[in-house]
Structures are given as C-alpha cells and as structure tokens.
Amino acid sequence: FAQTGDAYVKKNKESLDEVLGFLQTFLLVFAGVSLFVGIFIIFNTFSILVAQRSRELALLRAMGASRRQVNRSVLLEATVVGLIGSTVGLGVGYLLALGLRWLFGVFGLDLSRASFPMTWSAVIWSFVIGVGVTAVAALLPARRAAHVQPSVALRHE
C-alpha cells in the first residue's frame, strides 16, 4: 500500500531513534567502566609513586613539614597531572573525531557537512571530571604519604 512521505520519514526516524538510544546507553555504560578503570589505574600509579618516594616524604616530615602539607603536595601533584591529562585527552579526542569523520568518508559515509562543536560546557565538564577523578583516586595514597614517619628518612637501605 502507498504511504505519504511524512509517514515514511516518521517511521524511519522512530527506528533510527531506537538504535541511537541503544547506542547512547552502550556508550554511557562504556564511559562508566572507563572511569572505574581510570580511577583504579590512577590509584595504583599514585600508590607506587608514594611508596617509591616514601624516603623523600619522610625527609620533608623530618624537616618540619606537617602531615597536612605532605598530603596537600601529593594532591597538588595529582591535580596538575589531571589538568595535563584532561588537556591532552580533550585535544586527542577532538582529533580522533576528525579522523573518524575522514575514515567514514573513505567508506562512503559522507560526514563532511557534520559539525563537531566544541562547547564551553563540554570543555569545562571534561576538566572537572578529569581533575576530579584524578584527585579522588589520589586521596588514599596522599593520606598514606602524610602518615610516613620522619624516622624512615634516617634508615639506610
């Protein structure tokens, strides 16, 4: 039977919306798993860093640094790492999107007219999440660093 162009477009739009909804859910779950893995890796990295620098941190404590100052120094380092990582990740992600647009064009899916807007809210949220995840993951190692005894600096290995 015959159908109008509007009905055909509406039917196709509904099926496309269903597929895109599934894809969006999949990508959100993937993002959540990625955040969890990222927190775990950052936590392990800062735990190893604190363990390797325990003698230096103990020397700071022996020279009069308070636990709070040692804690803040590790958290400041995590914040700087988060800022650098977020900046690099944002830039690489944008370049990856442009590369994917080109790759789709090679396979016949022309996305040359598609825009990849870089909104301020997306940039701000990228930094908030990147720095926040890094700082949260470094909290426990920073606390361990603050509890290093000054006598550790005097030990000879």
Side-chain angles (χ1 to χ4, degrees), residues 1-54 56-57 60 66-148:
F1 76 96
Q3 67 184 38
T4 65
D6 290 340
Y8 180 75
V9 168
K10 184 178 178 182
K11 179 182 172 190
N12 283 341
K13 184 180 181 315
E14 288 172 359
S15 63
L16 183 62
D17 286 344
E18 184 179 325
V19 170
L20 289 178
F22 172 76
L23 184 62
Q24 182 179 8
T25 302
F26 173 77
L27 290 175
L28 284 174
V29 169
F30 185 74
V33 170
S34 298
L35 278 177
F36 177 75
V37 170
I39 288 173
F40 183 71
I41 290 171
I42 294 166
F43 171 79
N44 280 340
T45 301
F46 274 94
S47 292
I48 291 169
L49 188 133
V50 166
Q52 289 177 341
R53 292 180 28 202
S54 63
E56 296 168 20
L57 297 169
L60 283 174
S66 68
R67 288 182 174 168
R68 191 175 195 176
Q69 288 172 322
V70 172
N71 189 359
R72 283 185 183 171
S73 72
V74 174
L75 288 177
L76 178 66
E77 184 176 354
T79 303
V80 170
V81 168
L83 281 170
I84 292 170
S86 295
T87 303
V88 170
L90 194 61
V92 169
Y94 190 76
L95 291 175
L96 183 64
L98 293 177
L100 285 173
R101 179 172 65 178
W102 173 81
L103 186 64
F104 280 140
V106 168
F107 288 109
L109 296 168
D110 184 24
L111 296 176
S112 62
R113 292 188 314 226
S115 65
F116 293 98
M118 188 72 102
T119 63
W120 280 110
S121 64
V123 171
I124 291 170
W125 277 109
S126 297
F127 280 101
V128 166
I129 291 172
V131 173
V133 163
T134 306
V136 167
L139 280 174
L140 192 58
R143 186 171 175 175
R144 281 192 210 135
H147 290 324
V148 172

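Everything quoted here is computed from the prediction, not taken from an experiment. Note that these values count all heavy atoms, side chains included, but never hydrogens, waters or copies made by symmetry.
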Colleague: Between F22 and V19, is any pair of side-chain heavy atoms under 4.5 Å apart?
Modeller: no

Colleague: Do you know the tightest heavy-atom contact between P141 and A137?
Modeller: CD-O, 3.5 Å

Colleague: Taking atom OG1 of T134 and atom CZ of F43, what is their separation to the nearest 0.5 Å?
Modeller: 14.0 Å

Colleague: State, yes or no, whether a side-chain contact exists between L139 and L75 at a heavy-atom distance under 4.5 Å.
Modeller: yes

Colleague: Hey, are D17 and K13 close enough for a salt bridge, meaning a charged N less than 4.0 Å from a carboxylate O?
Modeller: yes

Colleague: With rounding to the nearest 0.5 Å, note down the distance linking CG in L100 to CG in L96.
Modeller: 4.5 Å

Colleague: Looking at residues at least two apart in the chain, or sitting in another chain, which of them share a side chain to side chain contact (heavy atoms under 4.5 Å, CB included) with V74?
Modeller: F46, V50, A142, A145

Colleague: Please find the pair of heavy atoms, one from A146 and one from N71, that lie closest to each other, and give the distance.
Modeller: CB-CB, 4.0 Å

Colleague: Please round to the nearest 0.5 Å and tell me the distance separating atom CG of L28 and atom CG of L23.
Modeller: 9.5 Å

Colleague: Would you say S15's side chain and N12's backbone share a donor-acceptor pair under 3.5 angstrom?
Modeller: yes

Colleague: Going by the rule side chain to side chain contact (heavy atoms under 4.5 Å, CB included), which residues pair with R53 if we only count those two or more places apart in sequence or in a different chain?
Modeller: L49, E56, L57, E77

Colleague: Check for a donor-acceptor pair, side chain of E14 on one end and backbone N or O of K11 on the other, with a separation under 3.5 Å.
Modeller: no

Colleague: At what distance, to the nearest 0.5 angstrom, does CG of L60 lie from OG of S66?
Modeller: 10.5 Å

Colleague: Grab the two heavy atoms, one from S126 and one from S86, that are nearest each other, plus how far apart they are.
Modeller: O-OG, 3.8 Å

Colleague: Kindly compute the distance separating CD1 (I39) from CG (N44), expressed to the nearest 0.5 Å.
Modeller: 12.0 Å

Colleague: Taking only residues two or more places apart in sequence, or in another chain, which ones meet T87 in a side chain to side chain contact (heavy atoms under 4.5 Å, CB included)?
Modeller: F127

